[in-house]
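Below is one structure; the comments refer to it alone.
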Amino acid sequence: MQTRDVVESACRIIRHRERQVHRRPRMGEPEALREVDARLLGEAMLSDEGQAVLTALCERCGGRFAGSADERRAGDLLLERLRAAGLSSVHPEPFRFLAWRRGRRPTLQVVSPVAATLECIALPYSPPTRKGGLELEAIDLGEGLPEDFARLRAQIKGKAVLASNESPGYYHRWVHRAEKYARAVAAGARAFIFMNRLDGLLEETGSVRFNLKGEIPGVGISKETGARLQRLLRQGPVRLRLATNDGFFAGRSRNIVGELPGTERPDEMVVVGGHYDGHDIAQAAGDNGSGVATVVEAARLLAPHRTLLKRTVRFVCFGAEEVGLLGGQAYVERHAAEMPKVRLMVNCDGVGSERGKGFDFQGWHEAKAPLGEMAREMHQDIVFASRPMPYSDHFHFMAAGVPTCLLGNVGGPPKGRGYGHTAADTLDKVTRADLREAAALLARSLIRFANDPRWALPHKTPAEVRSILDRYELIDVMRTEGTLPKALR
Ligand SMILES: [Zn+2]
């Protein structure tokens, strides 16, 4: 054979292979995506791009607190990354909100029975105290469950409520900080002290209200400081002096949006997102540098295979989640007309630091069968869970009836935040292996979510969504917090 013939026949083989790789997969044919899967997995496992995005967010943009210059810089970085990944229509979608500015460190002193100064941090949306601060008695509400508030209700008025961030395993649902704060306010407390349950002199932060000025000052204290206060309280009345110095301003944030348009039904779509804002006291690496880096990396992995996507996959990096899911809310309001065409919303909020990743379908139990089939076809263990959690960006999609799920280490009893929301939520806590595994799982799943007829899950009516939330008392909880969306009232 002449050299030219050899080259030509080699080219023919390559073209044939390329056609095979890029041929439209026929769903239900288990091996249809095998070659694409191999490419996605190979690229995910060899690439450090996801880690590079996470590192840039954490080291160059700090905690990326909503409304800050750090958050703005992170948004610019993500615009650049999504464009570099090859997405179409990459653009920012700005929105306004009431932002909170951390002031000078608050002071918390024990006045009697002993004199002592306790370390603390202000919690977002905590208002400033009058000059000179407040002097008041403290009361220990333990874990701050609804039953604790009911039992001690008559004794709370005028006092500083001490409650831990514990949501104990025996309790039938997670009890969020904002609920504990709201119950303290409703019972007439004059201050809220939020105690961490993890060792290490770490205060846990988190908004006490969402996009709304808090009624009473709220501060976070470490487990060790809280334990000291509890020891004093067991001996008798304890008087405290508390002064906070924080403020509010008209803030701006942005969602960063880009997409891979579908080739057959571009108006139908899967929305995948994660919030890029975080808390100012940390690098916010796990919550949620890890989630947004996973989203950006999945976009980069999928872009070369865009011709495979029958429906559009839209990628959204949400701003201002930690102060009230404001990015998710702004997106759903702005794109309200598209919601009936969103077949699934996938949220990445903390991809987790243990093995056993999966999707939590938030009460869409209908997803169990297709997820099982998908896992079998992907030759991968994918955990299925289906329990609503209304404290992240998927929630406003869910409230609009859109099938939603969370990617991460899902299932099992609520575990709390670990290092999330503390100064120890740093880069070293997120492993390269976890990011790679999450991005590969997400990219491979997105092709199926966008193409496979089995992923046409039913949209739900407001009454159906309410009934899912009601199973876990979440309608009452959100009424208590003042966070129940209009659509569900
Ligand atoms: Zn988060």
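This structure is a prediction, so every number in the text was calculated from the model and none was measured. Note that ligands are numbered from 1 as they come in the structure, with each ligand's atoms numbered from 1 the same way.
Taking the charged nitrogens against the carboxylate oxygens, E215 and R209 do have a contact shorter than 4.0 Å, which makes a salt bridge.
By the 4.5 Å heavy-atom criterion applied to side chains, C61 and R73 are counted as neighbours. Within the 4.5 Å cutoff, the side chain of F194 has no heavy atoms near those of the Y181 side chain.
For N288, the side-chain contact (heavy atoms from CB on, under 4.5 Å) partners two or more places apart in sequence, or in a different chain, are H275, S290, D349.
Near-neighbour remark for the Zn ion (ligand 1): protein N, O or S atoms under 2.8 Å are H275 NE2, D287 OD1, D349 OD1, D349 OD2; waters not counted.
Checking Y171 against E166 by side-chain atom types alone, no donor-acceptor pair falls below 3.5 Å.
With hydrogens and angles ignored, the 3.5 Å screen pairs a side-chain donor or acceptor of E71 with a backbone N or O of G67.
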